[in-house]
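One structure below.
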Amino acid sequence: NARRLAEALAAMNPSAVDLGAVDTNMVYVDVGVFGTTGAQVSAALRREGILTLGSEGPVMRLVTHRDVSSDEIETAVSALQKVLI
């Protein structure tokens, strides 16, 4: 799930995520490349029904859980596309 999330973010902007660093359930994404902050993205995702924590800085850590389905990852990807692009 983390890999799918990271690949979707990389497709939006290859500078946003280091695919080589994704080997757990965590994805670090530089939302600064989209001209925004973690706090802004977190607030926008909350309005889409996706809960995240984001600081005022440009890097967010997105964490998947084993109970998150692939359909739910696709929902998160769609929300990220809406918010970031």
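If you're wondering where the values come from, they're calculated on a predicted model, not measured in any experiment.
Within 6.0 Å of atom CZ in Arg46, 12 or fewer heavy atoms from other residues, nucleotides or ligands are found, so the atom counts as exposed in its surroundings. Annotation: Leu53, atom CG; neighbour count of heavy atoms from other residues, nucleotides and ligands within 6.0 Å does not exceed 12.
Counting all heavy atoms, side chain and backbone alike, Ser15 lies closest to Asp30 at O-CB, 4.4 Å. Residues Val17 and Ala6 share a closest heavy-atom pair of CG1-O, 3.4 Å. Minimum interatomic distance between Asp67 and Glu72 (heavy atoms only, all atoms of both residues): O-OE1, 3.8 Å. Scanning both residues, Val27 and Ala2, for their nearest heavy atoms gives CG2-O, 3.4 Å.
We find the NZ-CZ distance between Lys82 and Arg47 to be 9.5 Å, quoted to the nearest 0.5 Å. One finds the CD atom of Gln40 at 11.0 Å from the CE atom of Met60 (value rounded to the nearest 0.5 Å). Between Ser55 atom OG and Arg61 atom CZ the span is 11.5 Å, to the nearest 0.5 Å. Distance check: Leu80 CG to Leu5 CG gives 6.0 Å after rounding to the nearest 0.5 Å.
The side-chain heavy atoms of Arg3 and Leu19, taken from C-beta on, include a pair separated by under 4.5 Å. Using a 4.5 Å heavy-atom threshold, the side chains of Leu84 and Thr36 count as touching. Counting heavy atoms from C-beta outward, Arg4 and Glu74 have side chains that approach closer than 4.5 Å.
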TODO: Start with the C-alpha distance between Val59 and Val31, add both sets of side-chain angles, then the distance that settles side chain to side chain contact (heavy atoms under 4.5 Å, CB included), and finish with yes or no.
DONE: CA-CA 6 Å; Val59 177; Val31 295; over 6 Å; no

- [ ] Take Asp18 and Tyr28 through the test side chain to side chain contact (heavy atoms under 4.5 Å, CB included) and record every step on the way to the result.
- [x] CA-CA 8 Å; Asp18 177 3; Tyr28 290 88; over 6 Å; no

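By the criterion of side-chain heavy atoms lying less than 4.5 angstrom apart, applied directly or through intervening Ile, Leu, Val, Met, Phe, Trp or Tyr residues, Ile85 is grouped together with Val77 in one hydrophobic cluster.
For Asn1 (side chain) and Val68 (main-chain N/O), a donor-acceptor pair under 3.5 Å exists by modelled atom type.
Among Leu9, Val41, Asn25, Ile50, the one residue that satisfies the side chain to side chain contact (heavy atoms under 4.5 Å, CB included) test with Leu62 is Leu9.
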